[in-house]
Trainee: 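I am attaching a structure below and will ask some questions about it afterwards.
Residues take their numbers from the sequence shown, with the count starting at 1.
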Amino acid sequence: MALPLSTWPWENLGVFKYVLYGPLLAKVIYSREWEDVTRSSWCLHILIICALRGLVHQLWYSYSNMLFLTRDRLICRQGVGFKQIDREWDWDNFLILQAFIASMACYSFPSLANLPLWNSKGYIIALLLHIAVSEPLYYWIHKLLHSDYLFTHYHSLHHASEVPQSFTAGHATLLEHLILSVLIGIPIVGTSMLGFGSTILIYSYVLMFDFLRCLGHSNVEVIPNGIYEAFPLLRYLLYTPTLHHKEMNTNFCLFMPLYDALGNTLNTKSWPLHKEKSSGKNGRIPEFVFLAHVVDMTAALHAPFVLRSFSSTAFRTRFFLIIMWPGSFLVMLVMWVLSKTFLISHYYLRDRLHQTWAVPRFGFQYFLPFATDGINKLIEEAILRADRIGVKVISLAALNKNEALNGGGTLFVKKHPNLKVRVCHGNTLTAAVILHELPHDVKEVFLTGATSKLGRAIALYLCQRKVRVLMLTLSKERFQSIQKEAPKECHSFLVQVTKYQAAQNCKTWIVGKWITHREQSWAPPGTHFHQFVVPSILPFRRDCTYGELAAMKLPDDVQGLGSCEYSMDRGVVHACHAGGVIHFLEGWTHHEVGAIDVDRIDLVWKAALKHGLRPV
């Protein structure tokens, strides 16, 4: 049984906990309609402050996880994993608690609800009360929370997060946030009781309190060491992320290391470590890079640094995406003009750093004739940069290896024959995943996108195993070209068809080209649609089943993975991403570009299983 004040009363309510703000909102609406508006102004202020406090935490989270800006100043290089994200899911419980406490304070002290807008003297009083009361009180309480009993039953929850984030600042027990509520309230109530309180003081003090709390948990060293060297006393007045959460029995201060210095608990390693982390030379060279691109306006909002709760689950259309769409559109325009390829996420696999870089282009831009040269230039620059810094393998995602764009990466390998980095399209493993999804006793398949890079490999592989392949294509020349690659005794297993009606008795469809409801209607009931088309086809038929895009689950020992790859589930990546990982883990020295080597499909599949990747 949980100890008193160690859990939250509303922890089982899920998203319905936000209904607890309802009385405040109802009071605002009621007063505006039937009472004097000023009587409910304090309710409105509480709601606004809660929203702004949430925004402060969100903005700090977004900044610290924009790895293209912060990667060289990270304190803990490991990424935030799904376990930590789930543990901190209800990080904002304290906002509900403090909204209740603020409401009770306004009822208990009516003067708080009728404060003037501004009083400059109040800032001096509040600062003195913070330094003289809140800071030392927090120091001693925090030190007490690190005693064995209190730490085990109360404070260990806060320290369970391996990588501090702004949301970690809010992740603690009810007891700890009751204490913090008192510490925040002392300067505010004290100043108001002395007659110097103001509305702006409450806003600024509370938001600055949260700002500094988030700074200390941001995992990014944001304060240059040069500032502390120029003003040595400042290091006793303002802490940094490096000073926080490093060792258990040191650095207990709220914001001012002065009290750690006076209490002889200031970690002697803190300042040398701060100098190292703030130098901007703290980065690590990745050994594998997956070069992705943005799918569309809404998918852009699935980036790890936008909304953690959204990016840590598979992408699905949500109502709030419509509201945020205009902002995403503006970002797209800015990226089109100004942006270069940038780092978006990372994880560790067997102590090797894997990164995902994003080409700043959206899916539709790949089909604009005037944009192709610019896109190829961005991809080429990314490959050359990877080669320059020592990346071992760079894998191209989806449209970045489009045959019409750059021949599946062949363009770059031919242009730069001395590349040390291996360029990989990963399609060999994609083909292997699709082929191993098929029933073992399959005798006939219907294949659309049949003359594409993947379609060709699938057709040749199946015909060699005596599976009849109905290849949908209008081009007899391209069909015959593929047929000639097959052994003569297998030619009869490759059949050209030009209409969907030809597959009306075939229950295994492999879809490599987007098909409409009308085209799907030709499939017999019970058909299963395997697919390698982006975007996925819409599941119009209720009497049929639909497969997902080819993907594999990363090994269990992956670390620091906290975001989902587009519509994939947690820990699952597109097969072309997984193919690049296998290319790196196997240490293969060839480029995997251009046409798929059908003879390597089984080899790559076995290598994937050997290294712990699993089919989905």
Trainee: Going by heavy atoms in the side chains, are Leu201 and Ile188 under 4.5 Å from each other?
Mentor: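 No, too far: nothing below the 4.5 Å cut-off.
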
Trainee: Taking CZ in Arg284 as the centre, count heavy atoms belonging to other residues, nucleotides or ligands within less than 6.0 Å. Is the count above 12?
Mentor: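 Yes, CZ of Arg284 has more than 12 neighbouring heavy atoms, counting only those of other groups under 6.0 Å.
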
Trainee: Could you list all the salt bridge (charged side-chain N to carboxylate O under 4.0 Å, His left out) pairs where at least one residue sits in residues 192-216, not counting sequence neighbours?
Mentor: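 Applying salt bridge (charged side-chain N to carboxylate O under 4.0 Å, His left out) to every pair that reaches into residues 192-216, excluding sequence neighbours, yields Arg53-Asp210.
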
Trainee: Got a sec, which residues hit ring-ring contact (aromatic ring centres under 6.0 Å, His included) with Tyr138, two or more places apart in sequence or on another chain?
Mentor: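 Result, ring-ring contact (aromatic ring centres under 6.0 Å, His included) vs Tyr138: His142.
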
Trainee: Could you tell me whether the side chain of Arg422 and the main chain of Leu419 form a donor-acceptor pair under 3.5 Å?
Mentor: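 Between the backbone of Leu419 and the side chain of Arg422 there is a qualifying donor-acceptor contact (under 3.5 Å).
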
Trainee: Around atom OH of Tyr203, are there more than 12 heavy atoms of other residues, nucleotides or ligands at under 6.0 Å?
Mentor: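 Enclosed: over 12 neighbouring heavy atoms sit under 6.0 Å from OH of Tyr203.
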
Trainee: Using 0.5 Å steps for rounding, measure from the NZ atom of Lys143 to the OG1 atom of Thr265.
Mentor: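 OG1 of Thr265 is found 5.5 Å from NZ of Lys143.
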
Trainee: Is it true that, when you exclude Glu162 itself, more than 12 heavy atoms of the residues, nucleotides or ligands shown sit nearer than 6.0 Å to its CD?
Mentor: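 Not more than 12 within 6.0 Å, no.
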
Trainee: Residues in salt bridge (charged side-chain N to carboxylate O under 4.0 Å, His left out) with Lys121, at least two apart?
Mentor: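 Partners of Lys121 under the salt bridge (charged side-chain N to carboxylate O under 4.0 Å, His left out) test: none.
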
Trainee: Which residue pairs satisfy the salt bridge (charged side-chain N to carboxylate O under 4.0 Å, His left out) criterion with at least one member in residues 76-98, sequence neighbours excluded?
Mentor: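 As it turns out, the salt bridge (charged side-chain N to carboxylate O under 4.0 Å, His left out) pairs with a partner in residues 76-98, which skip direct neighbours, are Lys17-Asp90, Lys17-Asp92, Asp86-Arg570, Glu88-Arg308.
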
Trainee: Tell me if the aromatic rings of Trp60 and Phe211 count as close, with their centers under 6.0 Å from one another.
Mentor: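 Between Trp60 and Phe211, the centre distance is under 6.0 Å.
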
Trainee: How long is the straight-line distance from CG of Leu396 back to CD1 of Ile383, given to the nearest 0.5 Å?
Mentor: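 Taking CD1 in Ile383 and CG in Leu396, the distance rounds to 5.5 Å.
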
Trainee: Step through it carefully: locate the ring centre of Phe94, locate the ring centre of Trp8, and say whether they are under 6.0 Å apart.
Mentor: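 Not close enough - the centres of the two rings lie 6.0 Å or further apart.
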
Trainee: Using the ring-ring contact (aromatic ring centres under 6.0 Å, His included) criterion, which residues pair with Tyr236? Sequence neighbours excluded.
Mentor: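 Checked Tyr236 against ring-ring contact (aromatic ring centres under 6.0 Å, His included); zero matches.
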
Trainee: State, yes or no, whether a side-chain contact exists between Trp357 and Arg385 at a heavy-atom distance under 4.5 Å.
Mentor: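 They are in side-chain contact.
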
Trainee: Name the atoms and distances for all side-chain donor-acceptor pairs under 3.5 Å in residues 319-328, with sequence neighbours left out.
Mentor:
| residue | atom | partner | partner atom | Å |
| --- | --- | --- | --- | --- |
| Ser328 | OG | Met297 | O | 2.6 |

Trainee: Among all residues two or more places apart in sequence or in another chain, which pass the ring-ring contact (aromatic ring centres under 6.0 Å, His included) test with Phe342?
Mentor: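 So Phe342 forms a ring-ring contact (aromatic ring centres under 6.0 Å, His included) with Phe68.
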
Trainee: Under 3.5 Å, side chain of Gln84 to main-chain N/O of Val163, donor-acceptor pair present?
Mentor: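 A pair under 3.5 Å: yes.
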
Trainee: If every non-hydrogen atom of Leu3 is compared with every non-hydrogen atom of Tyr154, which pair is closest and at what distance?
Mentor: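 For Leu3 and Tyr154, the tightest heavy-atom pair comes out as CB-OH, 3.7 Å.
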
Trainee: Could you tell me if Ser204 and Tyr123 have a donor-acceptor pair between their side chains, going purely by distance under 3.5 Å?
Mentor: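 Present: a donor and an acceptor within the cut-off.
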
Trainee: Quick one: ring-ring contact (aromatic ring centres under 6.0 Å, His included) partners of Phe288, sequence neighbours excluded?
Mentor: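 Partners of Phe288 under the ring-ring contact (aromatic ring centres under 6.0 Å, His included) test: His354, His577.
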
Trainee: Does a side chain donor of either Tyr205 or Thr191 reach within less than 3.5 Å of an acceptor in the other side chain?
Mentor: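 Result is no, nothing qualifies.
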
Trainee: Taking the inter-plane angle between the rings of His274 and Trp271 on a 0 to 90° scale, is it parallel (under 30°), tilted (30 to 60°) or perpendicular (over 60°)?
Mentor: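 Because their plane-to-plane angle is over 60°, the rings of His274 and Trp271 count as perpendicular.
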
Trainee: Is the distance between the ring centroids of Phe412 and His416 under 6.0 Å?
Mentor: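 Between His416 and Phe412, the centre distance exceeds or equals 6.0 Å.
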
Trainee: Looking only at atom types and distance, does a side-chain atom of Gln559 sit under 3.5 Å from a main-chain N or O of Gln78, one as donor and one as acceptor?
Mentor: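 Flag not set: sc Gln559 to bb Gln78 has no pair under 3.5 Å.
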
Trainee: For the atom pair NE2 (His346) and CD1 (Ile344), what is the distance rounded to the nearest 0.5 Å?
Mentor: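 If I round to the nearest 0.5 Å, the distance is 12.5 Å.
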
Trainee: Name all residues meeting the salt bridge (charged side-chain N to carboxylate O under 4.0 Å, His left out) criterion together with Asp260; count only those two or more places apart in sequence or in a different chain, and write none if there are none.
Mentor: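 If we apply the salt bridge (charged side-chain N to carboxylate O under 4.0 Å, His left out) test to Asp260, skipping adjacent residues, there are no hits.
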
Trainee: Could I get the full list of salt bridge (charged side-chain N to carboxylate O under 4.0 Å, His left out) partners for Glu380, not counting sequence neighbours?
Mentor: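 For Glu380, the residues satisfying salt bridge (charged side-chain N to carboxylate O under 4.0 Å, His left out) (neighbours in sequence not counted) are Lys415.
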
Trainee: Checking ring pair (Phe, Tyr, Trp, His ring centres under 6.0 Å) for the pair Trp10/Tyr18: CA distance, chi angles, key distance, verdict?
Mentor: CA-CA 10 Å; Trp10 48 82; Tyr18 298 111; over 10 Å; no

Trainee: How would you list all residue pairs meeting salt bridge (charged side-chain N to carboxylate O under 4.0 Å, His left out) that involve residues 174-183, not counting sequence neighbours?
Mentor: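 Qualifying pairs: none.
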
Trainee: Among all residues two or more places apart in sequence or in another chain, which pass the salt bridge (charged side-chain N to carboxylate O under 4.0 Å, His left out) test with Asp556?
Mentor: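 Testing Asp556 for salt bridge (charged side-chain N to carboxylate O under 4.0 Å, His left out), a comparison that skips the adjacent residues, returns Arg614.
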
Trainee: Measure centre to centre between the rings of Phe209 and Phe255, then say whether the value is under 6.0 Å.
Mentor: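 Aromatic pair counts; centres sit under 6.0 Å.
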
Trainee: Nearest 0.5 Å, what's the CD1-CG distance between Ile223 and Leu215?
Mentor: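 Ile223 CD1 to Leu215 CG: 5.0 Å, rounded to 0.5 Å.
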
Trainee: Flag yes if more than 12 heavy atoms outside Asp557 fall under 6.0 Å of its CG atom; otherwise flag no.
Mentor: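 Correct, the count exceeds 12.
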
Trainee: Ring centroid separation for His217 and His57, is it under 6.0 angstrom?
Mentor: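 Ring centroids of His217 and His57 are no less than 6.0 Å from each other.
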
Trainee: Around atom CH2 of Trp140, are there more than 12 heavy atoms from other residues, nucleotides or ligands closer than 6.0 Å?
Mentor: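 Atom CH2 in Trp140 is not crowded, with 12 or fewer foreign heavy atoms closer than 6.0 Å.
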
